[in-house]
Protein chains: 2
Amino acid sequence: MLRVMVVDDQALVRRGFALILDNEPDIEVAAEAATGIEAIKAACAHQPDIILMDIRMPEMDGLEATARILEASDATCRVIILTTFDPDEYVFRALRAGASGFVLKDIPPESLVEAVRTVAEGGAMLAPGITQRLISQFAQKMEAGRNLSERLERLTTREREVLEAIAAGKSNAEIAEALFIGPATVKTHVSSLLSKLGLRDRAQAVVFAYECGLATVGERNVGF
Amino acid sequence: MLRVMVVDDQALVRRGFALILDNEPDIEVAAEAATGIEAIKAACAHQPDIILMDIRMPEMDGLEATARILEASDATCRVIILTTFDPDEYVFRALRAGASGFVLKDIPPESLVEAVRTVAEGGAMLAPGITQRLISQFAQKMEAGRNLSERLERLTTREREVLEAIAAGKSNAEIAEALFIGPATVKTHVSSLLSKLGLRDRAQAVVFAYECGLATVGERNVGF
DNA sequence: GAACATCTCCACCTTTTGGGGGAGATGTGA
DNA sequence: TCACATCTCCCCCAAAAGGTGGAGATGTTC
């Protein structure tokens with residue numbers, strides 16, 4: 001039995017969702033809340049499997065409440081944001097807060113039920129338009145490096161290694177140490193790769209490495 | 001009327017999908033193809049609205065065919081990848097090729113129909129697990145900059161501007177010109193921001209800018 | 001008004017970087 | 001074998017970068 005909590009400041013909406021869900025044999029509405037603060041308390045008290053969360057609420061909005069609930073170490077529940085609007089800002093904040101779903105209130109009832117089941121099974125459910133935008137963003141990042149990657153292929157293996165080290169913020173001396181070669185050799189490689197790539201200095205080289213995908217945000221190879 | 005094309009090398013599977021779709025009043029199967037090559041020709045000849053594309057096929061796989069079809073300048077159709085497996089490599093290649101959907105063959109028939117309608121309306125449809133992974137990747141990138149963004153706030157407005165310029169690969173002289181200040185002033189700002197952020201040189205500053213989200217891949221503010 | 005932050009600039013100095021040119025060792029392929 | 005690419009290292013030199021300390025001109029805040 002899936003235990004669901006519904007959070008919305010409008011009692012009418014809240015009851016409506018609750019009725020739809022309670023109508024399903026394998027779903028029960030275990031709790032309701034009208035504000036973010038209430039939601040946090042209720043989540044703690046009733047330990048639901050799934051939380052349907054509105055964004056616009058008095059006291060504390062749904063995104064903040066979602067973040068608070070999910071960052072609790074023993075949190076096992078999953079959150080679906082259920083709202084009327086879908087500006088990018090909300091979506092990003094929701095995903096960062098850890099939401100597993102972001103659906104609009106204009107979906108048909110059966111889709112809401114489907115979303116709850118999907119998320120309960122470990123999947124994620126986004127409104128189609130949001131999925132579309134997420135994909136676009138993703139594809140754009142991947143596409144960015146295409147032309148630049150071709151230039152990358154003109155480098156020798158060693159030069160690429162040096163470029164990677166540069167992109168990790170290393171100085172020539174540190175690169176020499178890391179690659180077990182002399183500092184003079186590093187300088188040779190640096191000069192060579194800069195001229196091959198048409199770059200002026202190592203700062204541009206770092207930019208290039210990120211833009212073409214050689215370096216990626218969040219890798220944490222960085223020494224600071 | 002939505003005109004759909006089904007591409008799969010197994011005739012039985014292909015006919016099965018076609019029958020499911022033809023059963024809907026607003027959908028008709030306008031063409032079928034058994035290989036990537038055939039798919040490209042058929043797409044050109046029949047101009048379907050939606051293409052359901054298998055990946056594993058002889059002659060040319062579905063991802064390659066998708067890319068070819070969508071990169072045609074007059075391409076108006078949208079592609080849903082329909083496969084048995086979902087390794088990350090396939091998903092990324094599919095999204096990069098421009099697919100609007102990626103669903104697994106084990107979904108219920110009504111979900112397939114729903115996916116077709118969703119994509120036809122301009123949305124996107126991914127298998128729940130894939131959506132989940134896409135979100136995770138996204139959240140990870142966003143999360144990366146959290147700690148670093150706090151350090152960013154210790155900078156003054158001017159210092160942040162200089163940092164942005166550094167992250168665009170500009171030299172001190174170029175920054176001076178861009179901000180209408182003297183080169184000496186730029187050096188002051190650079191020294192100051194490096195020490196505030198605990199960085200050693202401008203190369204590390206570029207890394208920092210990317211890691212904390214001040215600079216983003218694909219912005220193309222870069223001068224090379 | 002005094003303390004403070006910010007932005008602007010200067011001089012002096014050291015270190016790092018990048019360019020030019022050269023050279024030996026190795027391996028690969030024509 | 002000979003040409004070619006690659007990796008290694010050297011020297012010299014000029015330019016850029018970074019550190020230190022100082023200073024005047026604004027504001028803002030208490």
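Just so it is clear: chains get the letters A, B, ... in the order the sequence lines come, proteins before strands, and each one is counted from 1. The figures that follow rest on heavy atoms only: side chains count, while hydrogens, waters and symmetry mates do not.
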K.L.:
Under 3.5 Å, side chain of R151(A) to main-chain N/O of L197(A), donor-acceptor pair present?
P.N.:
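A pair under 3.5 Å: yes.
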
K.L.:
Ignoring the backbone of A184(B), work out which of dA17(D), dC9(C), dC10(D) is nearest its side chain.
P.N.:
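Output: dC9(C).
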
K.L.:
What is the distance from CD1 of I166(B) to P of dA16(D), rounded to the nearest Å?
P.N.:
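I166(B) atom CD1 is separated from dA16(D) atom P by 16 Å.
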
K.L.:
Check this one for me: any side-chain N or O of S191(A) less than 4.0 Å away from OP1 or OP2 of dG19(C)?
P.N.:
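S191(A) to dG19(C) OP1/OP2: side-chain N or O found under 4.0 Å.
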
K.L.:
Quick one: on DNA chain C, does T157(B) or P183(B) contact a more 5' nucleotide (nearest heavy atom)?
P.N.:
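Going by which nucleotide is closer to the 5' end, it is T157(B).
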
K.L.:
Using a strict cut-off of less than 4.0 Å between a Lys/Arg side-chain nitrogen and an Asp/Glu carboxylate oxygen, indicate whether R14(A) and D9(A) qualify as a salt bridge.
P.N.:
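Between D9(A) and R14(A) there is no salt bridge, as every charged N stays at least 4.0 Å from the carboxylate O atoms.
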
K.L.:
Rounded to whole angstroms, how far apart are CD on Q204(A) and P on dA17(D)?
P.N.:
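About 10 Å, once rounded to whole Å.
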
K.L.:
Whether R202(A) contacts dG18(C) is assessed here as follows: a side-chain N or O lying under 4.0 Å from the phosphate OP1 or OP2. Is that the case?
P.N.:
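True: R202(A) side-chain N/O within range (under 4.0 Å) of dG18(C) OP1/OP2.
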
K.L.:
Below the 4.0 Å mark, does dT6(C) have OP1 or OP2 next to a side-chain nitrogen or oxygen of H189(B)?
P.N.:
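False: H189(B) side-chain N/O out of range (4.0 Å or more) of dT6(C) OP1/OP2.
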
K.L.:
So, does R158(A) get its side chain near the phosphate of dC7(D), meaning an N or O under 4.0 Å from OP1 or OP2?
P.N.:
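Checking R158(A) against dC7(D): no side-chain N or O falls below 4.0 Å of OP1 or OP2.
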
K.L.:
So, does the side chain of T188(A) form a donor-acceptor pair with the base of dC9(D) at under 3.5 Å?
P.N.:
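Pair found.
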
K.L.:
Report the distance from atom CG of D201(A) to atom P of dG18(C), rounded to the nearest whole Å.
P.N.:
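So the CG-P distance, D201(A) to dG18(C), works out to 6 Å.
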
K.L.:
Mapping F180(B) and S192(A) to their closest nucleotides on DNA chain C, which lands nearer the 5' end?
P.N.:
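The answer here is F180(B).
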
K.L.:
Should K41(A) and E38(A) count as an ion pair when the cut-off is N to O under 4.0 Å?
P.N.:
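Salt bridge absent between K41(A) and E38(A).
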
K.L.:
I need the CD-C1' distance between E159(A) and dT6(D), as an integer number of Å.
P.N.:
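Checked: the CD to C1' distance equals 9 Å.
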
K.L.:
Write down the distance between CG (L194(B)) and C1' (dT20(D)), rounded to a whole number of angstrom.
P.N.:
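Roughly 15 Å, once rounded to whole Å.
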
K.L.:
Can you check the I181(B) CD1 to dG24(D) P distance for me, whole Å?
P.N.:
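It is 20 Å, rounded to the nearest whole Å.
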
K.L.:
Taking any heavy-atom pair under 4.0 Å as a contact, classify T185(B): base, sugar-phosphate, or nothing.
P.N.:
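It contacts base atoms.
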
K.L.:
Taking atom P of dC13(D) as reference, at what distance in whole Å does atom NZ of K187(A) sit?
P.N.:
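For the pair K187(A) NZ and dC13(D) P, the rounded distance is 13 Å.
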
K.L.:
Would you kindly give the CG-to-C1' distance between N172(B) and dG18(C), to the nearest whole Å?
P.N.:
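That distance rounds to 15 Å.
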
K.L.:
Could you check, using the six-membered ring where one of them is a Trp, whether F92(A) and F138(B) have ring centers closer than 6.0 angstrom?
P.N.:
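Ring centroids of F92(A) and F138(B) are less than 6.0 Å from each other.
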
K.L.:
Would you call D61(B) and R93(B) a salt bridge, using N to O less than 4.0 angstrom?
P.N.:
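Between R93(B) and D61(B) there is a salt bridge, with a charged N closer than 4.0 Å to a carboxylate O.
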
